[in-house]
Participant: 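Got a structure for you, written out below as C-alpha cells; questions coming shortly.
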Amino acid sequence: MNKLAILIPTLDVGGAEKVVIKLANGLPDFGWEVDLLCMKGGTLSPLILPYVKVIEFNCNSYRSLLYQYSLYLKKRKPDIVLSTLYMTSIIIILGKIITRQKHVVVLGAHNSFVKKLTTPHNHKDRLILEPMAKFLFPRATCMISVSKGLTKEMYETFKFKSGFIETIYNPVLTSTNIKPIKEDSYHKWLENSNPKGYKTIISVGRLVKQKAYDDLLNAFSIASAQKDLRLVIIGSGPNLSSLKDLAKELCISHLVDFVGYKPNPMDYVCKADLFVCSSLWEGLQNVIIESLASGCPVVSTDCPHGPREILVSKEFGLLAPVSNPPELAISILSALNIYKKDTFQTPSLESHLTKFTTDTVLPRYSGLFYDLLSKEKV
C-alpha cells in the first residue's frame, strides 16, 4: 500500500478537522495506508477508525513540530504528505527541504488566506506567515482548494502556475440525507409536537469574529420586530460574554439562547425553521451543506468563499451582503416566507448535494494522489 501522511495541528472541534478525519477514515478503502499526524489529540480523536495510525507529537510550538515531523519523515518515509492549514503547509515543505526525502507534498487550502492576513491586529501572520508562504508554497507539488472561489483567490495571491491547484469540495456528507443522531437535544423552541406561533432560527459555529454573530444579533433584532421569532446559537468561543451583552442592549435576550457546543448540532438544526450563516469569510461552510441535507432552509452572507457555490446563487437559499444587518434581516424574513420545510428537499437539491459526499470526494482525492505519484516516478 502507498503511504499517506496528513498533518493537522490538533484534533479539536473544527470544520477542517472533521474533513481530515473523513479523509483518513475513508482513503484506506482506496489502497492508502494513512498516518494522521497532530501536535496533540482532542475531542474528535474517538471518531478515528482503528486502522488509521494516529501519531501525536505532543508539542506546543511549530518549531518543535518541525523537529518532530522531520524525525517522522526519516523513519516512516511516506509517499505523499497532505497539510490542512497554512502553517502546517509551511511545516511540510520545510520538512522535505531539511530531510531531503523524496515524497509528494500537497497543500490544503480550507479558508481565505487574504482575509486571515487582513484581520485587525493580526501582525504575526502578516510578518511571518505571508512572506514564508509566498516563498515556500510554490515549492510544493500541488494544492487542493475546497471551493472555486478560494481557488481563484489563491491563484491571484500566489501567482501559481496553471494547473497547480485542484478544486475538490469537502466530503461533508456520507449521504445526501442526514439521519440525526439522537442525543439530549431537547429545546423548547425546537419542538414541533406542540403548535407554536413563532419561527425558530438557528446558527452554528465558534463564537469568534469571523462568524460575525454581532451582525446576526442586529439582523435578528430588526427581523423580530416584524415577526415573532426565536434564535438559537450553537457553539462556544471567546466572544460569548460580549454577544450576550449585545443581546441585552438590543432588548432581545429573552428571544435568544446561547446553548454552547453540541456534538451533533444537526439534531437541533433539522428541527429549526431556518439556518443563518453571518460569516465575514470562509473557505467552504460545511455547516451550510449539512443544514441543507438535514432539511433546513438556509440564509447566508455572500462572503468569500463558499455560500454562492453551495446555494447556487439563490436556487437553494438566499444570500445577503456581508456586514449588513438590515439586508440580512430582509433575507431572513423573505426566506421564512419562501421556503417551507415540508417541501424544501427536492430531487434537484439531493442531486446537488452529491458533490459534497464521501462517495464523490474520496475517489477524487485518491485519483489525484495516484496521478501525482505516477508523475513523480517518471
Side-chain angles (χ1 to χ4, degrees), residues 13-16 110-122 125 146-147 149-150 153 200-225 229-253 255-262 265 268-269 272 274-291 296-311 317-336:
V13 174
H110 287 258
N111 215 327
S112 172
F113 187 84
V114 171
K115 292 297 183 181
K116 178 178 174 63
L117 294 178
T118 54
T119 302
H121 312 300
N122 190 12
D125 281 341
V146 299
S147 67
L150 185 55
E153 176 191 300
T200 303
I201 297 167
I202 196 163
S203 190
V204 180
R206 294 193 66 237
L207 307 183
V208 294
K209 179 179 176 57
Q210 177 187 353
K211 306 302 181 181
Y213 280 115
D214 53 342
D215 289 341
L216 176 56
L217 290 175
N218 278 293
F220 178 80
S221 176
I222 297 169
S224 62
L229 302 175
R230 304 291 185 273
L231 174 61
V232 176
I233 296 178
I234 297 177
S236 59
N239 290 356
L240 176 60
S241 178
S242 62
L243 291 171
K244 285 186 174 181
D245 288 343
L246 177 59
K248 289 179 182 178
E249 292 174 17
L250 296 170
C251 301
I252 56 173
S253 293
L255 302 176
V256 181
D257 192 10
F258 296 88
V259 300
Y261 166 75
K262 298 295 178 183
Y268 295 79
V269 173
L274 182 69
F275 177 89
V276 179
C277 172
S278 53
S279 292
L280 302 177
W281 73 88
E282 293 284 351
L284 185 77
Q285 294 96 318
N286 297 343
V287 70
I288 291 181
I289 298 166
E290 291 176 319
S291 297
C296 187
V298 172
V299 166
S300 175
T301 52
D302 192 12
C303 70
H305 306 279
R308 183 166 289 271
E309 292 177 50
I310 299 169
L311 300 177
L318 298 186
L319 296 168
V322 177
S323 300
N324 191 327
E327 288 295 328
L328 182 57
I330 291 172
S331 294
I332 288 171
L333 293 171
S334 296
L336 289 170

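Throughout, numbering of the chain's residues begins at 1 and tracks the sequence. Below, all heavy atoms of this structure are taken into account, side chains as well, without hydrogens, waters or symmetry copies.
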Participant: Let me confirm one number: the CD1-CZ distance from Ile332 to Phe220, rounded to the nearest 0.5 Å.
Facilitator: 8.5 Å
Participant: Roughly how far apart are Ile252 CD1 and Ile222 CD1, rounded to 0.5 Å?
Facilitator: 10.0 Å
Participant: Evaluate the side-chain contact (heavy atoms from CB on, under 4.5 Å) criterion for residues Val287 and Val269: first the C-alpha distance (whole Å), next the side-chain angles of each, then the deciding distance (0.1 Å), finally the verdict.
Facilitator: CA-CA 10 Å; Val287 70; Val269 173; 5.6 Å; no
Participant: Looking at CD of Glu309 and CD1 of Ile288, how far apart are the two atoms once the value is rounded to the nearest 0.5 Å?
Facilitator: 11.0 Å
Participant: Which heavy atom of Tyr213 sits nearest a heavy atom of Gly205, and at what distance?
Facilitator: OH-N, 3.1 Å
Participant: Roughly how far, to the nearest 0.5 Å, is the CG atom of Asn286 from the OG atom of Ser291?
Facilitator: 10.5 Å
Participant: What's the verdict on side-chain contact (heavy atoms from CB on, under 4.5 Å) for Leu250 and Val256, showing C-alpha distance, side-chain angles and the deciding distance?
Facilitator: CA-CA 11 Å; Leu250 296 170; Val256 181; over 6 Å; no
Participant: Search all heavy atoms of Ser300 against all heavy atoms of Leu311 and return the closest pair with its distance.
Facilitator: CB-CD1, 4.2 Å
Participant: Taking the side chain as every heavy atom from C-beta outward, state whether Val276 and Leu231 have any atom pair closer than 4.5 Å.
Facilitator: no
Participant: Do any N or O atoms from the side chain of Ser278 and from the backbone of Ala212 form a donor-acceptor pair under 3.5 angstrom?
Facilitator: yes
Participant: With the side chain counted from C-beta on, respond yes when Glu282 and Gln210 share a heavy-atom pair under 4.5 Å apart, and no when they do not.
Facilitator: yes
Participant: I'd like a table of donor-acceptor pairs (distance under 3.5 Å, sequence neighbours excluded) in which one partner is a side-chain atom from residues 319-327, with atom names and distances.
Facilitator:
| from | atom 1 | to | atom 2 | distance (Å) |
| --- | --- | --- | --- | --- |
| Asn324 | OD1 | Glu327 | N | 3.2 |

Participant: What closest approach, in Å, do Lys209 and Asn239 show between heavy atoms, and which atom pair accounts for it?
Facilitator: N-ND2, 3.4 Å
Participant: For Glu153, give me all partners under side-chain hydrogen bond (donor to acceptor under 3.5 Å, both in side chains), at least two apart in sequence or on another chain.
Facilitator: Ser112, His305
Participant: Who passes side chain to side chain contact (heavy atoms under 4.5 Å, CB included) against Ala335, sequence neighbours left out?
Facilitator: Leu274, Val299, Leu318, Tyr339
Participant: Test side-chain contact (heavy atoms from CB on, under 4.5 Å) on Ile330 and Ser334 and set out the steps.
Facilitator: CA-CA 6 Å; Ile330 291 172; Ser334 296; 4.1 Å; yes
